[in-house]
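The structure appears right after this line, and notes come after that.
Just so it is clear, the model here is predicted, and its values are computed rather than measured.
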Amino acid sequence: MNKDHIISSPHRRTMSGSQAIAEALLHEGASLLFGYPGGQALSIYDALYDYRDRLRHILVRHEQGAVHAAQGYARVSGKPGVVVVTSGPGVANTVTGVADAMMDSTPIVVIAGQVPATLLGTDAFQEIDVIGITQAISKWSYQVRCAEDIPWAIARAFYIASSGRPGPVVLDITKNAQIGTFDYQSVAVNHITGYVPVPVVEQAHVAQAAQLINHAERPLALVGQGVVLSHAEEELLAFLKKADIPSASTLLGLSALPTGEPLNTGMLGMHGNIAPNLKTNECDVLIAIGMRFDDRVTGDLGTYAKQAKIIHFDIDPAEIDKNVKTDVAVLGNAKETLPLVTALLHDAKHTAWRDSFKAPMEKETAAVINKEIYPQTAALTMGEVVHRVSEATAHNAVLVTDVGQNQMMGARYFKFKQTRSVVTSGGLGTMGFGLPAAMGAKLGAPDRTVCLFAGDGGLQMTIQELGTIMQSDIDVKIILLNNDYLGMVRQWQELFYNERYSETVMKNPDFVKIAAAYNIPGRSVSKRGELDEAIREMLGTKGAYLLEARVEAKGMVYPMVPAGANITNILTGDGAYGK
């Protein structure tokens with residue numbers, strides 16, 4: 001056992017390793033598990049039978065679904081999601097979700113059964129090298145080979161997953177550790193030698209950042225998910241208001257500020273809003289807060305914000321200077337660092353700078369937004385459907401998306417009043433993420449309406465999770481934007497591959513009938529006059545519902561910055577805007 005700083009309870013009880021897993025999970029505050037049983041996890045599941053009143057287990061239909069559900073739960077609740085699976089293909093099926101959680105800084109703990117320690121390395125039935133597979137895509141992966149190490153390993157896993165920059169942890173627990181007995185003591189880990197989850201704040205850097213902002217004439221803040229992860233939404237707003245700084249958000253940072261906040265100018269990046277993308281290359285001080293300068297946000301790094309001084313607030317030193325050279329790095333938890341800088345800021349007004357955002361906003365409204373949400377075409381548009389659902393929920397719902405055009409339309413046209421209202425696969429872009437993530441989101445925020453927007457391609461990647469929704473009675477509102485295409489790939493083929501639609505046409509089943517087979521009511525609409533009534537029916541139905549919107553086949557998501565282009569090279573559908 002590694003010698004972490006641990007606190008043990010004085011109470012000892014003799015129990016098996018599998019019972020210890022359940023006890024340790026309870027000690028960490030877990031109450032919900034997502035999983036799928038199998039041979040090398042049977043001892044764990046046998047122990048869970050006696051904990052059914054305290055540890056609710058959601059039986060998914062595929063292990064990938066378990067991880068995405070745990071992600072959805074973690075994203076809305078702020079608590080680590082927990083997954084339990086068996087060895088071999090069971091844990092291998094979690095790999096995509098673990099990688100997704102790593103890219104998007106989502107705290108989850110995956111507990112996998114493994115063959116007995118005596119069989120390790122013998123190619124035993126359903127043995128795989130879990131640590132070798134997951135080490136590069138997790139914050140920590142560890143193999144437990146004796147029962148006595150289980151309380152420490154689970155305490156350490158939760159500490160690592162949820163501290164600092166959150167992420168996934170994988171525990172591989174051998175069968176002999178599960179069935180071995182020992183005197184159990186609960187353990188709490190609060191420090192690990194060599195692991196610094198939150199860097200020490202450098203006061204000199206705080207002062208330098210404040211000085212740059214105080215002298216700025218055209219400041220712009222870029223808000224990432226780090227604000228949400230650090231619970232710094234109020235601190236962010238106080239910071240922006242004091243210095244009158246317009247802001248824009250990454251995809252995962254969207255709900256850190258209410259959509260209607262006057263200082264919120266929209267979304268950054270490839271399908272982001274025109275104004276903040278243009279102004280990125282016009283501002284004199286660029287303030288990045290809890291974001292990683294992803295390529296979909298920056299476009300061509302050689303032309304990105306070269307005129308600006310760069311201030312980067314982040315909890316992870318590895319992000320500093322990784323993609324964009326920083327003038328001042330303010331390391332630490334944003335909930336702590338933002339108020340330190342705010343205290344040194346002058347009350348400011350940047351009226352002319354903020355007013356300069358209006359013209360590109362008006363251009364986008366006329367050229368893109370109004371055409372999408374108030375279309376003149378006969379066919380329904382994706383943005384129109386998203387807009388109508390958001391309006392019908394008074395902008396209080398949790399938005400969950402799959403990946404593709406549905407994701408970008410959801411991000412662009414759904415609005416937010418509350419934080420932790422966006423659940424989507426950002427860094428990895430995992431098709432199939434949406435349906436299981438929506439299940440987890442609803443279980444993590446049972447009092448909120450959860451609206452999933454999915455495409456016909458992504459929905460079919462994890463459509464079996466309709467069975468989980470049926471069995472566990474999970475109230476998810478599923479809005480299928482069906483255009484009979486792999487829409488985003490088709491869009492790229494149209495724009496950049498001479499309309500050569502190679503393998504993007506989808507021949508689809510009757511989705512409403514499939515939902516009905518799982519006792520989930522549904523309805524399909526293709527006419528504008530039916531849409532509002534169908535949305536009311538969906539929202540008024542107790543329990544899950546599938547609303548299929550038959551949208552225009554070749555709809556496009558605009559604006560669009562071509563991959564690798566200057567962030568101001570913006571396509572709007574009627575030409576290019578910007579420079």
Side-chain angles (χ1 to χ4, degrees), residues 64 68 71-72 75-76 96-97 99-101 103-104 106 224-225 228 249-255 259 266-273 294-297 368-369 372-373 381-390 397-416 420-441 450-463 476-483 485-492 495 504 506 547-549 551-552 554-561 563:
Q64 181 181 350
H68 293 328
Q71 290 176 271
R75 293 271 280 274
V76 299
T96 297
D100 193 288
M103 289 285 280
D104 286 352
T106 305
Q225 187 192 199
V228 177
S249 298
T250 66
L251 174 63
L252 297 186
L254 274 175
S255 66
T259 307
M267 184 172 72
L268 298 158
M270 177 175 283
H271 293 289
N273 295 104
D294 171 70
D295 62 291
R296 290 297 171 98
V297 165
V368 179
I369 295 173
E372 184 66 34
I373 65 176
T381 66
M382 290 177 280
E384 169 185 23
V385 177
V386 173
H387 172 72
R388 298 280 191 92
V389 173
S390 185
V398 176
L399 168 70
V400 184
T401 81
D402 207 87
V403 168
Q405 288 182 317
N406 63 87
Q407 179 184 39
M408 293 296 101
M409 288 298 190
R412 285 185 53 79
Y413 297 110
F414 212 79
K415 297 181 180 180
F416 311 101
R420 293 191 178 270
S421 293
V422 178
V423 180
T424 191
S425 173
L428 201 62
T430 303
M431 288 180 68
F433 173 89
L435 187 59
M439 301 184 319
V450 172
C451 294
L452 163 67
F453 291 89
D456 41 304
L459 183 67
Q460 292 182 88
M461 286 194 170
T462 51
I463 198 168
V476 174
K477 308 306 182 188
I478 305 162
I479 302 97
L480 171 61
L481 302 176
N482 187 0
N483 57 10
Y485 272 103
L486 295 175
M488 189 59 86
V489 182
R490 185 211 56 77
Q491 176 167 331
W492 282 53
L495 292 174
T504 46
M506 299 282 287
L547 172 58
E548 178 188 35
V551 297
E552 58 181 340
K554 293 188 177 181
M556 304 285 278
V557 185
Y558 287 118
M560 181 180 185
V561 178

Open item on the list: I want to check something: taking the side chain as every heavy atom from C-beta on, are H271 and M488 in contact at a cut-off of under 4.5 Å?
Closed with: yes
CD (E548) and CG (L481) are apart, to the nearest 0.5 Å, by 10.0 Å
In V551, D402, L459, the residue satisfying side chain to side chain contact (heavy atoms under 4.5 Å, CB included) with L480 is L459
Heavy atoms of V389 and C451 approach each other most closely as CG1-SG, 3.9 Å
Those residues at least two apart in sequence (or on a different chain) that pass side chain to side chain contact (heavy atoms under 4.5 Å, CB included) with A411 are L251, L254, M267
### Non-hydrogen side-chain atoms of D104 and L428 separated by less than 4.5 Å
no
Q. Do R75 and T106 come close enough that some side-chain heavy atom pair is under 4.5 Å?
A. yes
So CZ of R412 and CD of Q405: to nearest 0.5 Å the spacing works out to 12.5 Å
Looking only at heavy atoms, the pair that brings Y558 and V368 closest together is O-CG1, 3.1 Å
Item checked: V557 vs E372 side-chain heavy atoms within contact, under 4.5 Å -> no
Between I373 and T381, is any pair of side-chain heavy atoms under 4.5 Å apart?
no
Rounding to 0.5 Å, atoms CE (M408) and CE (M560) come to a distance of 10.5 Å
Answer yes or no: is there a side-chain heavy-atom contact under 4.5 Å between N483 and E552? no
Heavy-atom closest pair (M556 atom, R490 atom, distance to 0.1 Å) is SD-NH2, 3.3 Å
Value for CG (L452) from CG (L399), rounded to nearest 0.5 Å, stands at 8.5 Å
Donor-acceptor contact below 3.5 Å, side chain T430 vs main chain S425:
no
Note: V423 and A437 closest approach over all heavy atoms is CG1-CB, 4.1 Å
Would you mind reporting whether F414 and T401 have side-chain heavy atoms less than 4.5 Å apart? no
In short, V422 meets F416 closest at the heavy-atom pair CG2-CZ, 3.4 Å
Taking the ring centre of each residue, are F433 and H68 less than 6.0 Å apart?
yes
Sequence neighbours excluded, the answer for salt bridge (Lys or Arg N to Asp or Glu O under 4.0 Å) partners of R388 is E384, D532
* With a 4.5 Å heavy-atom cut-off, do M382 and N406 have their side chains touching? -> no
Nearest heavy-atom contact between S255 and S421 is OG-N, 3.1 Å
